[in-house]
Amino acid sequence: MAQPRVIVVGGGLAGLMATIKLAEAGAQVDLLSIVPVKRSHSVCAQGGINGAVNTKGEGDSPELHFYDTVKGGDFLAHQPPVRDMTREAPNIIYMFDRMGVPFSRTPEGLIDFRRFGGTLHHRTAHAGATTGQQLLYALDEQVRRFEADGKVTKFEGWESFDPVLDATGRCVGVVAMDIRSMEIRAFLGDAVVFATGGLGAIFGFGTNSVVNTGSAIAGCYQAGAHYGNPEFIQIHPTAISGGDKLRLMSESVRGEGGRVWVPKNPKDNRSPASIPETERWYFLEEKYPLYGNLVPRDIASREIHHVVYNLGHRVEGEEAVYLDLTHRDPDYLTKKLGGVLEIYEKFKGQDPRRVPMKVAPAVHYSMGGLWVDYKQMTNIPGLFAAGECEFQYHGANRLGANALVACVYGGIVSGVTSFEWAANHAKKAPASTVADSALSRFRERTKAISARGGAENLYAIRRDLGALMVRNVTIVRENSELVKTQQKLVDLAARTRKAPLPDQGPWANQGLVHALEIENMIDLARAITAGALARDESRGAHYKPAFEKRDDAKWLCTTKAIFTPDGPKLDFTEKIDISLLPLAERRYDVVPAHAPKPSIGTASGSAGAAH
């Protein structure tokens, strides 16, 4: 009997890991990626990957990692899959070690671990400050082995737009476009795994790659896949400005001793070297003496926003704060943080070993994404999701260095479970008419876009979308502004219908690709804004001054956005599974109570059972 065929969309850590598990099981895999696999956004991850290996003898454990993750996410993540991920994390690190990832080492030769935000333990394995690149290259090497064996066929430069559903509503493929030749094709299989990453480009300037539009997620959402917790967008506290995008200054900088400060006098515009220690305000260390500069990202970002915008502190007249490493040994910094420091040197023209960096908060990550069950399947049968494009593991806020472990773990689970699904449905091959119908609908859409006339400009619309979302749907959210944002998003959608393509050419037509993406981005922006407006509480990255407190009585639930042509419909009926850890106050300014001991057994139907 022919082996199942599975389509994997996305060539980052989650997609490559899913591909490996599928190929190991015997599936034929078509792997689609909008960019060359080794250029996937996972390559930009800098600081490390979490796993409670406890080589430093601090008493760390997967149970404490689980506790920190649930607390860090403000108790909005379902607990069984988070528990299983944190248990598997040490094995994932050892797997990469066996693959040859050049992790930083202790003098004894053990894998070295640094501290990251939201924990008191050294839990983050790292390869200098280019961890994502090293992990991605290791997985790519393994996929190439299966590619050479004929088990994986790679399609780089292809962008997926729509899932293909058969008459029963089962996902049996995707419609994708070669962004060079403009060929449109339906890739059919017995299951599909989406691992397309985040959607930071919706906010214009941010730390995400410019290809992170969320367009592929939107295609699933428009086809009926539920979108979970869209309102939870992570703002990273430390990024640097740029004319094209913002660039991350990794949390590893603070993990290696970087200190955040501003002059105590808001009107002090002296250079940092001229400001004595007694005239510097280390505000994170002062307010959070236990965690200091390593409080979770949502807390650090809000504190920076408050200090800069509400209290009026600036650095050299700029709306930024200092991130200072100048007290550390330069050679040590080069060894531990070389990749990050090179970015700052290249784009700001200063050496962070000698001069404090000027940083500010920036859109970085989406905790929300496609809703999936504990086996990584969406509500559309046969459609799986893994990595940042799904909502499963981080709740209301992601702890630093939990992204890479969640991507890899989600890839493992989705690879195993999608193969099981595909094997059970391999005999139910879709008729060619299913593909023909999907292709026909997509071609009609592109034809209509190409025929548009009017005076609007697609790139101006994208610029206006980013500015609107950053202004009203990031660190501080006000209901009155969110209502206005909803209407402005409707107006932006109307403007797209009056925006002609700048290019009608049949080859590498970036205008057509951009037109398709911007429509999808607006649909996701409407879901993000609707969720933010509806959730009247402050939880994790979602902060409303008018609703200062977390409201577990009303809002301990998943937001599910369901697409309709008139805008998202929201469902709040799914309650959060808190069966393993009781709710607790989320504080980082005092010594926490002893972390509760979660039960040891694996929950029935949890992700761990997929192994």
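Along the sequence shown, residues carry numbers from 1. Just so you know, these numbers come straight off a predicted model, no measurement behind them.
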Problem set entry | Pair Gln376-Glu390, side-chain donor/acceptor within less than 3.5 Å | yes
Exercise. Is it true that the side chains of Lys335 and Ser104 contain a donor and an acceptor less than 3.5 Å apart?
Worked result: no
Problem set entry | Inter-residue atom distance Arg314.CZ - Asp268.CG, 0.5 Å rounding | 14.0 Å
For this session: Please work out which of the three classes, parallel, tilted or perpendicular, describes the rings of Tyr221 and Phe563, given edges at 30° and 60°.
Result: perpendicular
Exercise. Does the side chain of Ile518 come within less than 4.5 Å of Met521's, by heavy atoms?
Worked result: yes
Exercise. Which atom pair, heavy atoms only, marks the closest approach of Ile93 to Ala125?
Worked result: CD1-CB, 4.0 Å
Exercise. Do Arg247 and Asp244 meet the salt-bridge criterion of a basic N to acidic O distance under 4.0 Å?
Worked result: yes
For this session: I would like to know whether Arg114 and Leu337 meet side chain to side chain contact (heavy atoms under 4.5 Å, CB included); could you show each step before the answer?
Result: CA-CA 12 Å; Arg114 58 166 56 115; Leu337 298 170; 4.0 Å; yes
Problem set entry | salt bridge (Lys or Arg N to Asp or Glu O under 4.0 Å) partner of Asp324, chosen from Lys358, Arg259, Arg280, Arg353 | Arg280
For this session: Could you tell me whether Arg535 and Glu231 have a side-chain N and a carboxylate O separated by less than 4.0 Å?
Result: yes
Exercise. Quick check: does any side chain N or O of Ser40 sit under 3.5 Å from a backbone N or O of Gly11, one acting as donor and the other as acceptor?
Worked result: yes
Exercise. Between the main-chain N or O of Arg526 and the side-chain N or O of Thr529, is there a donor-acceptor pair closer than 3.5 Å?
Worked result: no
Problem set entry | Euclidean distance, Asp491 CG relative to Ile522 CD1, rounded to 0.5 Å | 10.0 Å
For this session: Verify, without hydrogens or angle tests, whether His236 (side chain) and Thr238 (backbone) share a donor-acceptor contact under 3.5 angstrom.
Result: yes
Exercise. So does Arg495 pair up with Glu456, basic N to acidic O under 4.0 Å?
Worked result: yes
Problem set entry | Asn50 and Asp68: side chain donor to acceptor below 3.5 Å | no
For this session: Any chance you could lay out the salt bridge (charged side-chain N to carboxylate O under 4.0 Å, His left out) test for Glu279 and Arg270, step after step, and finish with the verdict?
Result: CA-CA 11 Å; Glu279 297 179 31; Arg270 289 177 291 171; 2.6 Å; yes
Problem set entry | Single hit among His305, Arg302, Glu548, Arg477 for side chain to side chain donor-acceptor pair (under 3.5 Å) with Tyr543 | Glu548
Exercise. Does a side chain donor of either His65 or Thr86 reach within less than 3.5 Å of an acceptor in the other side chain?
Worked result: no
Problem set entry | Lys38 to Tyr137 six-membered ring, cation-pi geometry met (6.0 Å, 45°) | yes
Problem set entry | Interatomic distance, His226 atom NE2 to Leu370 atom CG [nearest 0.5 angstrom] | 11.0 Å
For this session: Measure across Tyr227 and Ala527 and return the closest heavy-atom pair with its distance rounded to 0.1 Å.
Result: CD2-CB, 4.1 Å
Problem set entry | Cation-pi, Tyr365 ring and Arg398 (6.0 angstrom, 45 degrees) | yes
For this session: Would you name the heavy atoms of Asn208 and Leu199 that are closest together and state the gap between them?
Result: OD1-N, 4.0 Å
Exercise. Do the ring planes of Phe391 and His78 sit parallel (below 30°), tilted (30 to 60°) or perpendicular (above 60°)?
Worked result: perpendicular
Exercise. Any idea which heavy atoms bring Ser160 and Val9 closest together, and the distance?
Worked result: CB-CG1, 3.6 Å
Exercise. Does the side chain of Cys407 reach to within under 4.5 Å of the side chain of Met17, using non-hydrogen atoms?
Worked result: no
Exercise. Partners of Ser301 by side-chain contact (heavy atoms from CB on, under 4.5 Å), sequence neighbours excluded?
Worked result: Ile235, Pro237, Pro361, Ile475
Exercise. Going by heavy atoms in the side chains, are Tyr409 and Ile92 under 4.5 Å from each other?
Worked result: yes
Exercise. Out of curiosity, Leu489 CG to Ile202 CD1, how far, rounded to the nearest 0.5 Å?
Worked result: 9.5 Å
Problem set entry | Ser366 backbone acceptor or donor facing Glu388 side chain under 3.5 Å | yes
Exercise. Does Tyr322 reach the side chain of Met357, with side-chain heavy atoms less than 4.5 Å apart?
Worked result: no
Exercise. Would you call Lys544 and Glu478 a salt bridge, using N to O less than 4.0 angstrom?
Worked result: no
For this session: Output yes when a side-chain donor or acceptor of Lys245 lies under 3.5 Å from a complementary backbone atom of Thr207, and no otherwise.
Result: yes
Exercise. Side-chain contact, heavy-atom cut-off 4.5 Å: Ser209 with Asn212?
Worked result: yes
Exercise. CZ of Arg539 to CZ of Phe547: how many Å apart, nearest 0.5 Å?
Worked result: 14.5 Å
Problem set entry | pair Pro230-Thr559: side-chain heavy atoms closer than 4.5 Å | yes
Exercise. Is the CD atom of Gln350 crowded by more than 12 outside heavy atoms at less than 6.0 Å?
Worked result: yes
For this session: Starting at CZ of Phe203, measure out to OG1 of Thr474 and round the result to the nearest 0.5 Å.
Result: 7.5 Å
Problem set entry | Within 45° cone of Trp371 ring axis and under 6.0 Å: Lys560 NZ or CZ | yes
For this session: Apply side chain to side chain contact (heavy atoms under 4.5 Å, CB included) to Arg115 and Thr124, showing your working.
Result: CA-CA 6 Å; Arg115 270 192 65 200; Thr124 305; over 6 Å; no
For this session: Indicate, with yes or no, if the rings of His126 and Phe103 have centres closer together than 6.0 Å.
Result: no
Problem set entry | Pair Gln234-Asn397, side-chain donor/acceptor within less than 3.5 Å | yes
For this session: Apply side chain to side chain donor-acceptor pair (under 3.5 Å) to Thr69 and Asn402, showing your working.
Result: CA-CA 8 Å; Thr69 299; Asn402 264 357; 3.0 Å; yes
Exercise. Do Lys488 and Asp464 sit within salt-bridge range, that is, some charged N less than 4.0 Å from a carboxylate O?
Worked result: no
For this session: Indicate, with yes or no, if the rings of Tyr291 and Tyr588 have centres closer together than 6.0 Å.
Result: yes
Exercise. Mind checking whether Phe232 and His542 have parallel, tilted or perpendicular rings, split at 30° and 60°?
Worked result: perpendicular
Exercise. Given Phe75 and Arg550, is the side chain to side chain contact (heavy atoms under 4.5 Å, CB included) satisfied, shown in steps?
Worked result: CA-CA 10 Å; Phe75 292 88; Arg550 193 179 83 194; 3.5 Å; yes
Exercise. Hey, are Thr213 and Asn520 close enough side-chain-wise for a donor-acceptor pair under 3.5 Å?
Worked result: no
Exercise. What are the two closest heavy atoms between Ala396 and Asp74, and how far apart are they?
Worked result: CB-CB, 4.1 Å
Exercise. Do Ile217 and Thr196 pass the side chain to side chain contact (heavy atoms under 4.5 Å, CB included) test, and can you show the C-alpha distance, the side-chain angles, and the key distance before you say yes or no?
Worked result: CA-CA 7 Å; Ile217 304 172; Thr196 54; 3.7 Å; yes
Problem set entry | Side chain to side chain, Pro502 and Gln510, heavy atoms closer than 4.5 Å | no
Exercise. What heavy-atom pair brings Arg354 and Pro330 nearest, and what distance separates the two atoms?
Worked result: NH1-CG, 3.6 Å
Exercise. Does any non-hydrogen side-chain atom of Glu318 lie less than 4.5 Å from one of Ser241?
Worked result: no
